[in-house]
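The structure appears below as structure tokens.
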Amino acid sequence: MGCFVSTPKDSGGNRRRPGNIGEVSVYVPGLRIPKPVDFSLSLGDQLPKTLVERLNALRTRIVVMAGQEAPTITRTRRKSATQHGGSTLADLHQALVDYLPVLLGLVKDGSHLQYKVQFVWVNQEDEAEETAMSNAWYEVLSVLHLMAMLSLSRANLLLLPRTSTDGHQPKVSEESRRASIDIFLKAAGYLDCAVRQVLPQLSAELRRNLPVDLAEGVLRALCLQALGQGVDIQLGMAIDSTKATLAVKRRLACEMVKYWQQAQDNIMNLPLSNGWGEKHRFFVKWKYIEAKAAAYYYHGLILDEGNTEKSHGMAVAALQAADEYFKESKKACEAFTVAPPLSRNPPLWGTMKYLFEKIPKDTSSKVRINRDLYSHEKIMETAPTLPDFALALKPDEYQLPAVDPSWNENIKQGQTVLKRGQER
């Protein structure tokens with residue numbers, strides 16, 4: 001149950017397409033924006049007035065704030081204020097957190113109320129301008145997706161290098177890096193919950209007609225992206241640590257490859273053809289190639305510690321593969337930045353700043369030392385297989401909140417209202 005309507009992309013001007021989204025450390029494929037809904041029209045004779053008014057107030061707050069936040073999704077400053085207060089990432093996230101327990105009352109115990117309200121959201125990655133569905137689980141799914149996108153946006157702000165007071169190159173503080181990992185895990189938790197707990201509540205037909213923004217493959221890819229970027233931060237911190245061994249760094253780099261490979265597998269065959277969607281695909285491809293450069297680099301260094309000609313030869317092959325992937329990642333990065341909406345890369349820092357300096361230098365050095373063992377022929381085919389490690393970083397175990405107590409307090413009153421309506 002639950003009808004749906006998708007509006008073609010050329011039908012109106014609801015979707016906002018910025019020409020440039022600024023500096024990007026963490027890609028966020030736009031914010032889906034909810035359109036106004038008047039709960040009283042469909043629930044006025046089904047629920048107490050106070051509960052309907054509360055639903056209206058909570059959702060209206062989100063509509064206003066999301067409409068203001070979306071155009072500045074990657075801006076480093078958000079100072080705009082509204083009648084509802086400062087429209088910041090944290091405020092909008094809190095508004096969604098406040099709304100969700102009340103919204104879940106519509107689906108409690110399979111209630112028929114879940115089909116009474118038509119919810120409309122403006123898409124970003126889908127060809128359709130907007131998608132409307134008369135199903136409250138669609139609204140829950142959209143809320144979780146927006147919570148995850150806000151988390152990724154917050155992580156992006158934390159991971160944009162800031163100019164230090166001592167005049168040195170811009171950098172990201174250790175505090176910000178640690179905080180970003182927690183945020184990545186929270187974002188992954190929202191998306192994992194969406195896939196495990198919410199998608200199964202929708203019929204097969206409705207799932208087929210969801211916008212690509214909410215397709216299972218995109219949700220899984222975003223979850224894996226969050227985990228992959230979390231491991232990237234861990235690797236950067238290991239690089240900075242004098243206690244972290246090569247084995248630890250290689251493991252992190254190899255895990256990062258698996259996260260990005262799985263992310264790419266999930267969106268490879270999805271119709272991500274418009275601006276935000278195509279840029280999303282470019283971002284995942286770039287990060288996957290970049291991760292392989294890091295993994296082959298550390299694998300090569302460990303192989304070079306061996307005492308045999310074979311291990312030295314394999315080390316050179318691995319380092320050469322790292323160098324090739326490193327060069328390829330630069331091209332993939334350029335393809336990402338020029339894809340609309342345009343973006344900029346922040347100054348190099350962390351993992352890639354280190355590898356940018358080390359991969360070409362170490363590869364050249366090892367090739368020169370082992371020139372008698374090294375062959376240029378089919379180097380990518382002869383590169384040793386990367387070790388396969390179990391993935392350690394997992395999403396937060398986020399669960400949907402309990403239904404707001406106001407539903408229990410008003411249930412008898414609601415039944416009375418419904419009975420009176422039937423008697424008329």
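Side chains are part of it too, since the values below use all heavy atoms of this structure and drop only hydrogens, waters and symmetry mates.
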Hey, are [Y] and [X] close enough side-chain-wise for a donor-acceptor pair under 3.5 Å?
X    : Y    : answer
W276 : E125 : no
T337 : R344 : no
W286 : E334 : no
S25  : N156 : no
N408 : K108 : yes
S343 : K279 : yes
D362 : Y297 : yes
Q94  : D98  : yes

Side chains of R162 and K171 in contact at under 4.5 Å (non-hydrogen atoms):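 No; the side chains remain at least 4.5 Å from each other.
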Of all heavy-atom pairs between [X] and [Y], which one has the smallest distance, and what is that distance?
X    : Y    : result
V198 : W137 : CG1-O, 3.6 Å
P401 : L100 : CD-CD2, 3.8 Å
I359 : A293 : CD1-O, 3.9 Å
K361 : E357 : CB-O, 3.6 Å
S329 : I289 : N-CG2, 3.6 Å
Y296 : A383 : CE2-CB, 4.1 Å

CA sep, side-chain torsions, deciding dist, call: R177, D240, salt bridge (Lys or Arg N to Asp or Glu O under 4.0 Å): CA-CA 12 Å; R177 287 189 282 176; D240 290 345; 3.0 Å; yes
Closer than 4.0 angstrom, basic N to acidic O: yes or no for [X] and [Y]?
X    : Y    : result
E139 : R59  : yes
R207 : E216 : yes
R220 : D192 : no

So does [Y] get a backbone contact from the side chain of [X], meaning a donor-acceptor N/O pair under 3.5 Å?
X    : Y    : answer
R32  : L146 : no
S180 : A155 : no
D396 : Y398 : no
N135 : Y115 : no
S364 : P360 : no
Q114 : S111 : yes
T351 : G236 : yes
N123 : A128 : yes

R178 CZ: over 12 foreign heavy atoms closer than 6.0 Å: no
Heavy atoms from other residues, nucleotides or ligands near NZ of K285 exceed 12 (cutoff 6.0 Å): no
Kindly compute the distance separating [atom1] ([X]) from [atom2] ([Y]), expressed to the nearest 0.5 Å.
X    : Y   : atom1 : atom2 : result
R154 : L92 : CZ    : CG    : 13.0 Å
M65  : L89 : CE    : CG    : 9.5 Å
L51  : N56 : CG    : CG    : 10.0 Å

Full working for salt bridge (Lys or Arg N to Asp or Glu O under 4.0 Å) between D182 and K186: CA-CA 6 Å; D182 291 338; K186 283 184 172 63; 5.8 Å; no
Chi angles and distances behind the side-chain contact (heavy atoms from CB on, under 4.5 Å) call for I33, W121: CA-CA 5 Å; I33 307 170; W121 287 70; 5.8 Å; no
From CA spacing to verdict: side-chain contact (heavy atoms from CB on, under 4.5 Å), I239, Y298: CA-CA 11 Å; I239 289 171; Y298 284 111; 3.3 Å; yes
Steps toward side-chain contact (heavy atoms from CB on, under 4.5 Å) verdict (L96, I62): CA-CA 7 Å; L96 293 164; I62 293 168; 3.7 Å; yes
Residue pairs, two or more places apart or on separate chains, that pass side chain to side chain donor-acceptor pair (under 3.5 Å) and touch residues 244-255: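 Output for this query lists R250-H299, R251-E255.
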Test ring pair (Phe, Tyr, Trp, His ring centres under 6.0 Å) applied to F336 and F282, Y288, F283, the passing residue: F283
Audit row: Y27, H280, side-chain contact (heavy atoms from CB on, under 4.5 Å) steps and yes/no: CA-CA 7 Å; Y27 179 62; H280 190 181; 3.5 Å; yes
Parallel, tilted or perpendicular: ring planes of F356 versus F326, cut at 30 and 60 degrees: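 Plane angle over 60°, so perpendicular.
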ring-ring contact (aromatic ring centres under 6.0 Å, His included) between Y138 and F119, intermediate numbers included: CA-CA 8 Å; Y138 167 63; F119 296 100; 7.5 Å; no
